[in-house]
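Worth saying up front: this structure is predicted, and the values here are computed from it rather than measured.
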Amino acid sequence: MVFEAMVNSTRRTAAGLVFMGCVAAGCDRPPRPAETPAPAAPVPASPTLDRAALLSAIDAAASDAAAGVARAGPDPLVGRTFTLTVAFGCFGPEPAPTDKASAGDGLPHATVSADGQSIRLSLSPADWTAGDASGPAPDGFEGLAGIWINQPWMRSDACPASPVRAPGAPATPPPARSAGLVMVRPTGASRLGRSGDRDLTHMVRDDDEQPVGFPARGYRLVLEGRLAGWAVGRVIRCRVVAPDRPPACIVGAAVDRIAFEDGDTGAVLSEWRPG
């Protein structure tokens with residue numbers, strides 16, 4: 001009898017433990033429905049390249065060219081959007097040109113009229129249909145209009161901080177231009193609405209016919225669009241001219257917008273949409 005009591009007690013204890021285990025494990029609970037996986041996060045679009053990012057890409061391409069490195073595979077820059085800012089008129093107006101020396105030089109200019117009542121902003125793209133500083137013109141394009149990027153060692157969109165030469169510095173000629181942007185037009189593309197390959201001008205005047213004030217921070221030329229694989233599928237083409245000089249590099253682009261802005265206020269003074 002004592003033995004049977006001990007057996008029965010042991011069975012009751014085991015049953016209790018099994019019951020408690022089921023409660024803890026949820027034996028009496030209905031199965032949980034399968035969780036729906038969360039939707040995949042959208043892949044963020046590649047950010048628009050600004051002046052600093054574009055110049056960094058030019059530096060990398062120049063380094064490859066100087067080292068004799070040829071990158072294989074598709075160029076990841078093709079199709080990327082960009083906004084390139086070129087500051088000009090940083091140290092006051094230029095003297096009015098007496099000839100056509102600035103025609104087709106690929107640089108923006110700001111000149112004041114003889115009476116001081118207007119400022120003429122202008123851009124005359126260079127004709128690079130026969131070639132440019134990075135090499136001969138590639139096939140497949142009937143329009144190659146060039147813009148030089150000033151101070152390519154400077155990432156800021158603003159003017160240089162100092163307008164004067166350092167004391168004691170030799171009066172050496174400015175270095176050869178080494179960075180530019182070519183506005184491409186494929187062969188057979190429509191000419192309708194194109195303005196990237198012609199001279200652009202804007203007149204700044206005072207409403208009260210008084211001498212117009214020149215902005216302390218000059219003006220800005222802004223170019224927007226998409227980078228184009230214009231030279232053997234690459235966006236940036238560089239040419240080594242000498243081992244002790246930086247390579248000359250040109251960026252290919254389909255430009256959608258060109259604008260002149262006030263350097264002080266950022267106000268858009270005039271714009272064109274070549275596309």
* **Validation row: Thr81, Leu49 side chains within 4.5 angstrom (heavy atoms)** => no
* Closest contact, heavy atoms only, Trp148 versus Ala179 -> CE3-O, 3.3 Å
* **Pairwise side-chain contact, Leu227 with Leu54, heavy-atom cut-off 4.5 Å (strictly under)** => yes
* Asked: Which distance, rounded to the nearest 0.5 Å, do you find between the CD of Glu261 and the CG of Asp157?
  -> 9.0 Å
* **Arg71/Asp64 salt bridge by N-O under 4.0 Å criterion** => yes
* Please indicate whether Asp139 has more than 12 foreign heavy atoms, meaning atoms of other residues, nucleotides or ligands, lying under 6.0 Å from its CG. => no
* To do: For the residue pair Leu55 and Trp153, establish whether any side-chain heavy-atom pair is separated by less than 4.5 Å.
  => no
* Asked: Would you say Arg257 and Val255 make side-chain contact, with heavy atoms under 4.5 Å?
  -> no
* Pairwise side-chain contact, Arg120 with Thr201, heavy-atom cut-off 4.5 Å (strictly under) -> yes
* To do: Measure the shortest side-chain to side-chain distance between Val182 and Trp230 over non-hydrogen atoms and say whether it is less than 4.5 angstrom.
  => yes
* So Glu142 and Arg185, side chain to side chain contact (heavy atoms under 4.5 Å, CB included) or not? Walk me through it. -> CA-CA 6 Å; Glu142 64 180 39; Arg185 186 175 68 245; 3.5 Å; yes
* Given the side-chain rings of Phe214 and Tyr219, with only the six-membered ring counted for Trp, is the space between their centroids under 6.0 Å? -> yes
* Asked: Which atom names give the shortest non-hydrogen contact between Ile250 and Leu181, and what distance separates them?
  -> CG2-C, 4.4 Å
* Report the distance from atom CG of Leu223 to atom CZ of Arg51, rounding to the nearest 0.5 Å. => 11.0 Å
* So, do Phe141 and Trp128 have ring centers that fall under 6.0 Å from each other? -> no
* Asked: At what distance, to the nearest 0.5 angstrom, does CG of Leu200 lie from OG of Ser122?
  -> 9.0 Å
* Structure fact -> Minimal heavy-atom distance between Ile236 and Ala61, with the atoms involved, is CG2-CB, 3.6 Å
* Asked: Passes side chain to side chain contact (heavy atoms under 4.5 Å, CB included), Val222 versus Ile258? Steps please.
  -> CA-CA 6 Å; Val222 180; Ile258 305 173; over 6 Å; no
* Structure fact -> Here the pair of heavy atoms bringing Ser56 nearest to Arg155 is OG-NE, 3.7 Å
* **Residue among Asp132, Val251, Val232 satisfying side chain to side chain contact (heavy atoms under 4.5 Å, CB included) with Arg237** => Asp132
* **Least distance between heavy atoms, Val240 atom then Pro247 atom** => CG2-CG, 4.2 Å
* Asked: Can you check side chain to side chain contact (heavy atoms under 4.5 Å, CB included) on Ile119 and Thr111, steps first, answer last?
  -> CA-CA 6 Å; Ile119 299 173; Thr111 58; over 6 Å; no
* Looking only at non-hydrogen atoms, find the nearest pair between Leu144 and Ala137 and report the distance. => CD1-CB, 3.7 Å
* To do: Report yes or no: do Asp50 and Thr83 form a side-chain donor-acceptor pair below 3.5 Å?
  => no
* Shared hydrophobic cluster, Leu107 / Met154 (ILVMFWY, side-chain heavy atoms < 4.5 Å) -> no
* Would a distance-only check, ignoring hydrogens and angles, find a side-chain to backbone donor-acceptor pair under 3.5 Å from Asp75 to Gly229? -> no
* For atom CZ of Arg239, decide whether the heavy atoms of other residues, nucleotides or ligands shown that lie under 6.0 angstrom number more than 12. => yes
* Please check if any side-chain donor atom of Ser118 sits under 3.5 Å from a side-chain acceptor atom of Ser113, or the reverse. => yes
* To the nearest 0.5 Å, how far apart are SG in Cys159 and CD in Gln151? -> 8.0 Å
* Using modelled atom types only, decide if a donor and an acceptor are shared between the side chain of Ser134 and the backbone of Cys238 within a distance under 3.5 Å. => no
* Could you check Arg217 against Asp262 for side chain to side chain contact (heavy atoms under 4.5 Å, CB included), going step by step and ending with a plain yes or no? => CA-CA 8 Å; Arg217 297 181 178 88; Asp262 185 299; over 6 Å; no
* Leu221 and Thr85, any side-chain heavy atoms less than 4.5 Å apart -> no
* **Validation row: Ile147, Met183 side chains within 4.5 angstrom (heavy atoms)** => yes
